[in-house]
Amino acid sequence: MGIPIPLRCLLVALLVLSSVALHVAAAKTIDPYKVLGVDKNASQRDIQKAFHKLSLKYHPDKNKGKGAQEKFEEINNAYEILSDEEKRKNYDLYGDEKGNPGFGGGNFGNREGYTYFTGGGPKTSYFTSGDGWQTMGGQGNTKSFSFSFGGNPGASGGNPFGGGFDLGDVFSNLFGGGSMGGSQHGGSAGSARSNTGTSSQHSGAAKIQDVTTQIFSKEISDQGITWLLLFYTPESKGQFVLESVMQDVVHSLDGALRAGKVNCDNEKSLCKKVGVSLGKSARLFIYSYTTTEKGSLHEYSGEHDAKSLKTFCQEHLPRFSKRVDIGQFSFPPNVLPNLPQVLLLSSKKDTPVMWRAISGIFRNRLIFYDAEVHDVSHPLLKSLGVKNLPALIGRTVNGEELLLKDGISVKDLRSGIRELKTLLESFEKKNKKLASNQANKKPSSQREENKVPLLTASNAEEICGEKTSVCILGVFGSTKAKGQLEAVLSEISQKTLIRGQNYNSGSALSYALLDKNKQSTFLSSFDKSGFKSSDKLLIAYKPRRGRYAVFNGEVTLEEAERFVGSVLNGDVQLSRTKQKPVLW
């Protein structure tokens, strides 16, 4: 008696499965530990170092030798397994990173009337058309096979099962549940397992973010955070070498430095905006602040090794904190702009990296100092109750000095920056509340006393003459603008010390309002149009030198204080007047 057709097909299927299993079992997976030359107990740091060293040695951009390309791919494949904890665990347990013992991470599936099996391994082709068994090209000693039962999927005829026959269906019928493996018609336990840990970012490695115009605008531009940025196109040489070095450096400076890459083929407008043009090679920049409030790009042109790049990055971290001698230090009263002040005490010979990083984030909101201290016997520390180092001390806008925290303990750079950020944000909130209470409590008689005069021909020599070092003019074009400028300048005029210099002594510094509608001739000495398009602005004028600077932005108290302070501290470039300003 003959064997029924369905049973015959089932037996054929099982024979196919047995043959496939034998082929796959025979295929040997290259040991990723041996490829990278590391021990099975190697740490992620050791693995990363080994990968970095070998990838530089065999990278196609640098090594044109025979077999270098294949070796480079082996190195990347090995690193992909060992840098991902899930894949590494699966490899250690099963000899396969996808956790499929004995099958090399392979999958069964059905496509266009053909049943196929894919062996594990990178870049495995898993299908081709044609009748009968076929061996597909694979990599890493893996091979794929397909077998046609004829017919089209979903069509009856030519197949006793009706339409395409899928080996996965055999497993479904035997064990229940969905199809086994990589059918394109839905997921399964096999596919779900193989998808775990497929991210290109491995545990312990720094992420290099894809940067678009929107991300650059919202997360990078003038946000106070230092970024390492790689500009490239898919054809650029050196991209992968630089990415590898970047990951190493950003990992070691995690928290103080972030990393991104810009594809100039996709982001042409961004690359043009920041002034980066590419030739044949990728270019690496750091977006930093150092001591300027505006961020800017600085290109890295050193060796492609982590040590050199890390030194470059550390040199470009923000430097808004002033190093002071604790033996001679006291918080300066009434600084301009009127911002809270903070002092970090640590045993470091230089300003700590985390303090430099945090000073960039709060550069417009706090005034930073730091000092090297090895004991807590200093009178200032004793008076504030500092018992352990490192410690953070603050001075509020109303002159109160207090201990924010001592004995600060952190496990790494990232957690340290997070801890300091939390402390400074809390201190900032306290100061905003104090500043608000101060403004409300100021008596009306004092506000009248601080009234800013209107500059006219009769008082011009007294207020803004040759005896005055700096004359701050609030130029208004409407009643509303006049009121706003008067309130701002009245508040600023109460601040006395600028970097230790008393500018309010005698006639060194004066403040006045100027009606632009009545004094267009005076203003034409600074601007040809007489600032016709502006309703309110600030002019810092030095009569003795015939030089000036203009602030034409939103005149808030904070921005006005910053502008005046910058002028008095010599941080603003001054222009020469067209002629001597004359009031009528």
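This chain uses plain numbering: 1 for the first residue, then up along the sequence. Keep in mind that the numbers below use all heavy atoms, side chains included, and drop hydrogens, waters and symmetry copies.
Y300 and F285 have their aromatic ring centers separated by at least 6.0 angstrom. Taking the six-membered ring where the residue is Trp, the centroids of F51 and Y79 are separated by under 6.0 Å. Checked against a 6.0 Å centroid threshold, the rings of F320 and F362 do not count as neighbours.
Across all non-hydrogen atoms, the minimal contact from E267 to V211 is CG-O, 3.9 Å. Contact between L381 and D375 at its shortest, heavy atoms only, is CD2-O, 3.9 Å. Contact between L317 and A256 at its shortest, heavy atoms only, is CD2-O, 3.8 Å. Nearest approach of S244 to H52, heavy atoms of both residues: OG-ND1, 3.1 Å. Listed here is the closest heavy atom pair of T213 and S269: OG1-OG, 3.7 Å.
A side-chain donor-acceptor contact under 3.5 Å links T556 to the backbone of E559. Remark: side-chain polar atoms of S383 are paired, donor with acceptor, to backbone N or O of L380 under 3.5 angstrom. Remark: side-chain polar atoms of D222 are paired, donor with acceptor, to backbone N or O of G295 under 3.5 angstrom. The backbone N or O of K57 sits less than 3.5 Å from a side-chain atom of N63, completing a donor-acceptor pair. Remark: the backbone N or O of G565 is paired with a side-chain donor or acceptor of N569 at under 3.5 angstrom. The main-chain N or O of L423 is never found under 3.5 Å from a side-chain atom of S426 such that the two would form a donor-acceptor pair. At least one donor-acceptor pair under 3.5 Å links the side chain of Y289 to the backbone N or O of Q223.
A donor-acceptor pair shorter than 3.5 Å cannot be found between the side chains of Q209 and K261. For the residue pair E303/S308, the side-chain donor-acceptor check at 3.5 Å is not satisfied. If you check the side chains of N552 and S534, you find a donor sitting under 3.5 Å from an acceptor. For E243 and Q239, the side-chain atoms include at least one donor-acceptor pair closer than 3.5 Å. Defined by atom type and a distance below 3.5 Å, a donor-acceptor pair is present between the side-chain atoms of Y33 and R88. Using modelled atom types and a 3.5 Å distance limit, the side chains of S347 and H374 yield no donor-acceptor pair. For the residue pair E73/Q69, the side-chain donor-acceptor check at 3.5 Å is satisfied. Between the side chains of E85 and Q44, a donor-acceptor pair is found at a separation under 3.5 Å.
One finds the CD atom of E74 at 12.5 Å from the NZ atom of K34 (value rounded to the nearest 0.5 Å). Going from atom OG of S43 over to atom NZ of K49 covers 8.0 Å, rounded to the nearest 0.5 Å. Note that the CG atom of L568 and the CD1 atom of I472 stand 6.0 Å from one another [nearest 0.5 Å]. Interatomic distance, D92 CG to K87 NZ, rounded to the nearest 0.5 Å: 14.0 Å. The CZ atom of R395 lies 13.5 Å from the CG atom of L366; values are rounded to the nearest 0.5 Å. The distance from atom CG of L253 to atom OG1 of T226, rounded to the nearest 0.5 Å, is 10.0 Å.
Using a 4.0 Å cut-off between charged side-chain N and carboxylate O, R365 and E558 make no salt bridge. Salt bridge E299/R283: present, at least one basic N to carboxylate O contact under 4.0 Å. With respect to D370 and R323, a salt bridge is recorded, a charged nitrogen being found less than 4.0 Å from a carboxylate O.
In this pair, W355 and F368 present their aromatic rings perpendicular. The plane angle is above 60°, beyond the 30 to 60° band. Between H298 and H316, the two ring planes are tilted [angle within 30° to 60°].
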Q.
Determine whether E219 and Q214 satisfy the following criterion, side-chain hydrogen bond (donor to acceptor under 3.5 Å, both in side chains), listing intermediate values before the conclusion.
A. CA-CA 8 Å; E219 298 183 27; Q214 186 177 17; over 6 Å; no
Q: Report the C-alpha distance between F72 and F240 in whole Å, list the side-chain angles of each, state the deciding distance to 0.1 Å, and finish with yes or no for ring pair (Phe, Tyr, Trp, His ring centres under 6.0 Å).
A: CA-CA 11 Å; F72 182 72; F240 300 108; 7.2 Å; no
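Listed by first and then second residue, the ring pair (Phe, Tyr, Trp, His ring centres under 6.0 Å) pairs involving residues 381-435 amount to none (not counting sequence neighbours).
A heavy-atom distance below 4.5 Å is not found between the side chains of H378 and K382. By the 4.5 Å heavy-atom criterion applied to side chains, C471 and L473 are counted as neighbours. Side-chain atoms of T351 and R319, non-hydrogen and from C-beta on, never get closer than 4.5 Å to each other.
In F331, the CZ atom is crowded: over 12 heavy atoms of neighbouring residues, nucleotides or ligands sit closer than 6.0 Å. Counting non-hydrogen atoms of other residues, nucleotides and ligands closer than 6.0 Å to NZ of K64 gives a total above 12.
A search for side chain to side chain contact (heavy atoms under 4.5 Å, CB included) contacts involving D412 returns R414, S415, not counting sequence neighbours.
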